[in-house]
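Side-chain atoms are counted along with the backbone in the values below, which use heavy atoms only and exclude waters and symmetry mates.
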Amino acid sequence: MDNKLNVLLGTVIENDYCIGCGVCSSVANSPFTMELNKDGMYRPILVDNDNVEQTNINIASVCPFSNESKNETEIGKEQFNSDDAEFNKHTGYYLKNYAGYVKEDTFREKGSSGGMGNWIAAQLLEKKLVDGIIHVKDAKSDKSNVLFEYQISNTLDELSEGAKSKYYPIELSKVLELVRENEGKYALIGIPCFIKSVRLLASQDKLINERIKFFIGLVCGHLKSDMFAKSIGWQLGIEPENLTNINFRKKLPNRAANDYGVEVEGLIGDNEVMIDSPTKDLFTTNWGQGYFKYNACEFCDDVLAETADITVGDAWLPEYKTDYLGTNIITVRHPELLKIIEENIQRENIHLEELTPEKVYDSQAGGFRHRREGLSHRLHIMDIEDKWRPNKRVEPSDKLDKKRKSIYEKRMVLSQESFKAYKQAEKDHDFNLFKDYMAPLIQEYHNVMRPSLIKRVINKMKWDVLGKAK
């Protein structure tokens with residue numbers, strides 16, 4: 001077997017570090033095709049390796065989790081290092097960081113947060129800097145039972161159909177084929193590892209490099225299997241096979257920005273229904289517990305899509321959380337995008353406040369702890385067990401205290417066991433079996449997360465003092 005292929009199969013794919021981006025499948029003469037597996041995650045399936053020697057690209061070198069590929073700092077340095085750029089270990093290279101939202105039109109109302117992601121894409125279309133936006137929208141075919149897929153939007157109306165985050169498995173191979181077949185300039189919107197993989201591809205594929213001109217990154221906690229969407233619908237009365245659509249980020253007036261809802265569509269009996277609920281009322285929507293998480297996400301150290309020209313996410317900061325309409329954090333790395341932003345601040349089309357990298361970190365502090373501190377422990381576990389794992393910018397470490405180690409270990413268990421629990425519940429057509437299976441594991445996790453007696457006493461004293469002061 002060709003060594004390019006063997007490296008990828010024997011490391012990333014065999015050891016479950018594939019994120020399902022589909023870039024390996026998009027390489028000319030690739031032996032792979034992308035399919036959803038039994039856990040609801042995309043995986044490359046080997047269909048034909050007869051022509052692999054005809055590829056002029058090392059397939060492993062375009063995989064974001066391969067040791068054959070460059071890391072985010074190396075890519076960022078190639079793309080963004082300049083006299084005007086600064087570097088921070090959490091944000092990567094940057095020109096400026098902001099928090100804010102779009103004031104014009106309905107970008108903010110339609111978006112997951114402040115509306116800046118789709119607004120930037122719209123600016124690129126309006127200024128004819130690109131001909132199309134590559135982003136995730138409702139799937140065109142209802143026969144495949146897939147709810148969302150990458151598509152290309154060429155107009156503002158088409159673009160608006162893809163507003164809001166989709167916590168759902170997607171892959172790039174089919175849409176990259178469309179890019180190759182259709183001349184033009186494009187911008188890609190994606191999570192960090194997807195942006196990284198297409199950057200890696202563009203560095204070796206002249207056509208992709210010429211056509212994909214801008215990369216818009218999304219701050220990422222982790223990617224979900226399709227079991228996440230199905231479990232939400234199931235809890236609201238829609239059987240998994242009858243779910244037809246889901247809005248993962250329904251804004252709820254008079255609530256905090258992070259206290260949002262979900263809305264599902266599907267069949268109950270013969271009736272088409274639309275049902276919504278606050279996410280906090282559901283069993284599977286606690287992000288920290290990591291249900292249905294790709295294993296690769298446990299070995300990613302890029303929270304802020306460091307290889308993107310601009311990154312957009314949620315400003316989870318106390319001063320912004322109270323506004324239910326949402327506020328974005330924005331990290332700008334491309335001078336042309338910075339110019340667009342500064343012009344529109346002056347025109348008052350957008351409201352932005354400049355942030356320090358430290359405030360950007362604070363807005364995603366939990367994610368950074370899990371992806372840096374937690375990753376150091378997970379890497380250490382893999383090393384002492386002598387198992388292959390991807391090289392990361394984080395060094396393996398055994399220096400965390402016992403409690404932090406236990407927290408990270410139990411999170412991995414919750415994620416891994418959620419797949420088993422879901423399949424058992426689906427087999428027996430009873431979602432309560434999922435809850436029963438996971439309940440003792442959640443209790444163990446909560447026991448570890450619970451503050452120590454001393455900390456609880458100190459916290460109580462603080463609250464008593466604050467109460468008397470009032």
Check whether the side chains of [X] and [Y] place a donor and an acceptor atom closer than 3.5 Å, and report yes or no.
X	Y	answer
S165	S112	yes
H377	S397	no
H90	E358	no

**Request:** May I ask you to check whether W234 and F434 place their ring centres under 6.0 Å from each other?
**Result:** no
**Message:** Aromatic contact between Y294 and H222, with the criterion being ring centroids under 6.0 Å apart: yes or no?
**Reply:** no
**Asked** Testing K403, E373, R378, H370 for side-chain hydrogen bond (donor to acceptor under 3.5 Å, both in side chains) with Y408, which one passes?
**Response** E373
Relative to the ring of [Y], is the ring of [X] parallel (under 30°), tilted (30 to 60°) or perpendicular (over 60°)?
X	Y	answer
F368	Y361	parallel
F228	F248	parallel
F214	H334	tilted

**Message:** Side chains of L188 and Y150, heavy atoms from C-beta outward: is any pair under 4.5 Å?
**Reply:** yes
**Message:** Could you check whether K293 makes a cation-pi contact with W287, meaning its NZ or CZ is under 6.0 Å from the centre of the six-membered ring and within 45° of the ring axis?
**Reply:** no
**Prompt:** For Y445, what residues pass the ring pair (Phe, Tyr, Trp, His ring centres under 6.0 Å) criterion, not counting sequence neighbours?
**Reply:** none
**Asked** Any Lys/Arg nitrogen of K251 or D259 sitting under 4.0 Å from an Asp/Glu carboxylate oxygen of the other?
**Response** no
**Asked** With the threshold set at 4.0 Å, does a side-chain nitrogen-carboxylate oxygen contact exist between R249 and D314?
**Response** yes
**Result of checking R199, R180, R211 against D205 for salt bridge (Lys or Arg N to Asp or Glu O under 4.0 Å)** = R180
**Request:** Run through R371, R333, K89, R393 and flag the one making a salt bridge (Lys or Arg N to Asp or Glu O under 4.0 Å) with E306.
**Result:** R393
**Message:** Counting only heavy atoms not in K70 (residues, nucleotides, ligands), do more than 12 fall under 6.0 Å from its NZ?
**Reply:** no
**Prompt:** Out of D138, I170, L243, which residue meets the side chain to side chain contact (heavy atoms under 4.5 Å, CB included) rule with L147?
**Reply:** L243
